[in-house]
Protein chains: 2
Amino acid sequence: MVLFEASSLRIGINMDPQALRPDLMAMLEGRGYRVTAPRKAITSLLEQKRDGFTSDEVSDELPSVGRATVYRTIKLLLEAGAVCRLAMMDGTQLYSLCGIGHHHHHWVCVECGAVKEIRAVAIEKLISEIGAGIPGEVIDHRLELYVNCGRCPATSGK
Amino acid sequence: MVLFEASSLRIGINMDPQALRPDLMAMLEGRGYRVTAPRKAITSLLEQKRDGFTSDEVSDELPSVGRATVYRTIKLLLEAGAVCRLAMMDGTQLYSLCGIGHHHHHWVCVECGAVKEIRAVAIEKLISEIGAGIPGEVIDHRLELYVNCGRCPATSGK
DNA sequence: ATAAAATTGATATTGCGTATCATCTACGCT
DNA sequence: AGCGTAGATGATACGCAATATCAATTTTAT
């Protein structure tokens, strides 16, 4: 995780997700869920993933585990806050491991699907200022940046 | 459309969508599409809508028009920039008429589905600063605020 | 009025996810 | 260690939003 300052913004970008290895199974167990073979398979696969992933992709990589179980387990991880869901430009859903515990946003490479976390205090501040000008209460928000990361095979090949 | 200043932010919130009546059919015609009865029915229905809407909802309100045509027409309006798509908190898609021509964001009431546009120069500035700290090029972004508008039947009834 | 091109709608199909439910398994208890 | 049961699984069916197919229809330029 690299932190740097950019014109009064404090931006945290997770540059090395390999360094962060959450124990997803332990997180589920801590929430009262049983330790089962399918869950161990799914969580240890996800721990290897640095980019965004779809449920289908996980399912394809684990033929021995039923599709329903893959969906169910990802849902549990979502509820546990270990995984987050983001929307691609066309609206399709992508999941991603949460490296940072805190609230954050994402950028996604539209070419290779790489996902990185963004944490900028300035964003939260701005959003709460906007919220002050809106009737009612702001419950949540979502911010996604769509990029061409310039590092992926798709981009560097061109 | 009401514009106001809030602590150095220039925020534009479309408070009166009734005032804006885009001629959607004319927009499609201008892009070379034919004027047909189903398209007229769809566009004039959409021109009445102030809140977000789903394709299904439109389809239900126009039983005489085939579902496929509803989807196709909304897609054309999306490409024409007359309609935008946003994601609800659970990831489901919602469409909304674009009152403002410029780039903007949205807030959505999670209770009643009301959608309003937000335009804040500060957001764009912040995003471009964040983009400067990211490898590659930022192509696009998405920002949605989820609110309890406090005005809808769902909320005021409580 | 006519013909070509665009559009339509019925239908089938896809993608992504949830519901059902009989079977199986983890794990707390003795 | 064995047992009982709540919890978990997976095959299947289903749901929902959207797209693909394609013959029939409609628009529009001529």
Side-chain angles (χ1 to χ4, degrees), chain A residues 24-46 52-80 82-96 108 113, chain B residues 24-46 49 51-80 83-96 108 113 115:
Chain A
L24 299 178
M25 192 62 251
M27 291 182 74
L28 291 183
E29 203 177 357
R31 289 172 70 93
Y33 298 108
R34 291 187 176 173
V35 178
T36 66
R39 283 180 182 158
K40 279 195 276 189
I42 295 166
T43 54
S44 61
L45 175 66
L46 294 188
F53 54 88
T54 61
S55 307
D56 240 37
E57 185 187 321
V58 174
S59 198
D60 288 348
E61 290 175 37
L62 294 172
S64 63
V65 178
R67 259 160 211 265
T69 300
V70 170
Y71 283 108
R72 279 188 285 239
T73 305
I74 291 178
K75 199 179 184 184
L76 294 181
L77 291 168
L78 209 54
E79 286 161 7
V83 155
C84 38
R85 184 168 46 187
L86 51 140
M88 292 296 281
M89 244 156 88
D90 65 358
T92 59
Q93 308 276 39
L94 202 65
Y95 298 90
S96 165
V108 204
Chain B
L24 300 178
M25 191 61 250
M27 291 182 74
L28 291 183
E29 202 177 358
R31 289 173 69 94
Y33 297 108
R34 291 185 176 176
V35 178
T36 67
R39 281 179 184 160
K40 280 195 275 188
I42 295 166
T43 53
S44 61
L45 175 65
L46 294 189
K49 294 217 173 268
D51 293 347
F53 53 89
T54 62
S55 307
D56 239 39
E57 186 186 319
V58 174
S59 198
D60 288 348
E61 290 175 37
L62 293 172
S64 63
V65 177
R67 253 155 218 269
T69 300
V70 170
Y71 283 108
R72 278 188 286 237
T73 304
I74 290 177
K75 200 178 185 184
L76 294 182
L77 290 168
L78 208 55
E79 286 161 8
V83 155
C84 39
R85 183 167 48 188
L86 50 141
M88 293 295 280
M89 243 156 90
D90 65 359
T92 59
Q93 308 276 38
L94 203 64
Y95 297 91
S96 165
V108 204
V115 174

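Chain identifiers are assigned alphabetically (A, B, ...) following the order of the sequence lines, protein sequences preceding nucleic acid strands; residue numbering begins at 1 within each chain. Predicted model, so just to flag it, every value in this text is computed and none were measured.
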Look up atom [atom1] in [X] and atom [atom2] in [Y], then write down how far apart they are to the nearest 0.5 Å.
X: B:Gln93; Y: B:Ile74; atom1: CD; atom2: CD1; value: 11.5 Å
X: B:Ile42; Y: B:Thr36; atom1: CD1; atom2: OG1; value: 7.5 Å
X: B:Met25; Y: B:Tyr33; atom1: CE; atom2: OH; value: 10.5 Å
X: B:Glu57; Y: B:Asp51; atom1: CD; atom2: CG; value: 8.5 Å

Contact boundaries on DNA chain C for chain A, cut-off under 4.0 Å to non-hydrogen atoms: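 The footprint of chain A covers C:dC16 to C:dC27.
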Counterpart residues, side-chain hydrogen bond (donor to acceptor under 3.5 Å, both in side chains), relative to A:Thr92 (two or more places apart):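 A:Asp90.
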Would you say that A:Leu77 contacts A:Tyr95 through its side chain, given a criterion of any heavy-atom pair below 4.5 Å between the two side chains?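 A side-chain contact is absent here, since even the closest heavy-atom pair is not under 4.5 Å.
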Find the bend of the helix from C:dA1-D:dT30 to C:dT30-D:dA1 as the angle between its two terminal axes (five pairs each), to the nearest 10°.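 Both end axes considered, the difference amounts to 30°.
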Determine the minimum heavy-atom distance between A:Tyr71 and A:Ser55, stating which atoms define it.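 Shortest heavy-atom separation between A:Tyr71 and A:Ser55 comes out as CE2-CB, 3.2 Å.
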Taking only residues two or more places apart in sequence or in another chain, which ones pass side-chain contact (heavy atoms from CB on, under 4.5 Å) with B:Lys75?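 For B:Lys75 the side-chain contact (heavy atoms from CB on, under 4.5 Å) partners, ignoring immediate neighbours, are B:Glu79.
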Across nucleotides 14-30 of chain D, 5' to 3', mark each nucleotide with B, S or - according to how protein heavy atoms within less than 4.0 Å reach it. ---SBB-B-----BS--
So, the side chain of A:Arg39 versus the backbone of A:Thr73: is there a donor-acceptor pair under 3.5 Å, distance only?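 Side chain of A:Arg39 to backbone of A:Thr73: no pair is present.
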Identify every side-chain donor-acceptor pair in residues 60-68 of chain A under 3.5 Å, counting partners at least two apart or on other chains, and give the distances.
from: A:Asp60; atom 1: OD1; to: A:Arg67; atom 2: NH2; distance (Å): 3.1
from: A:Glu61; atom 1: OE1; to: A:Lys49; atom 2: NZ; distance (Å): 3.4
from: A:Glu61; atom 1: OE2; to: A:Lys49; atom 2: NZ; distance (Å): 3.1
from: A:Arg67; atom 1: NH1; to: A:Asp56; atom 2: OD1; distance (Å): 2.8

Would you indicate what B:Ser64 reaches in the nucleic acid, counting non-hydrogen atoms under 4.0 angstrom: base, sugar-phosphate, or nothing?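 The residue B:Ser64 makes sugar-phosphate contact but no base contact.
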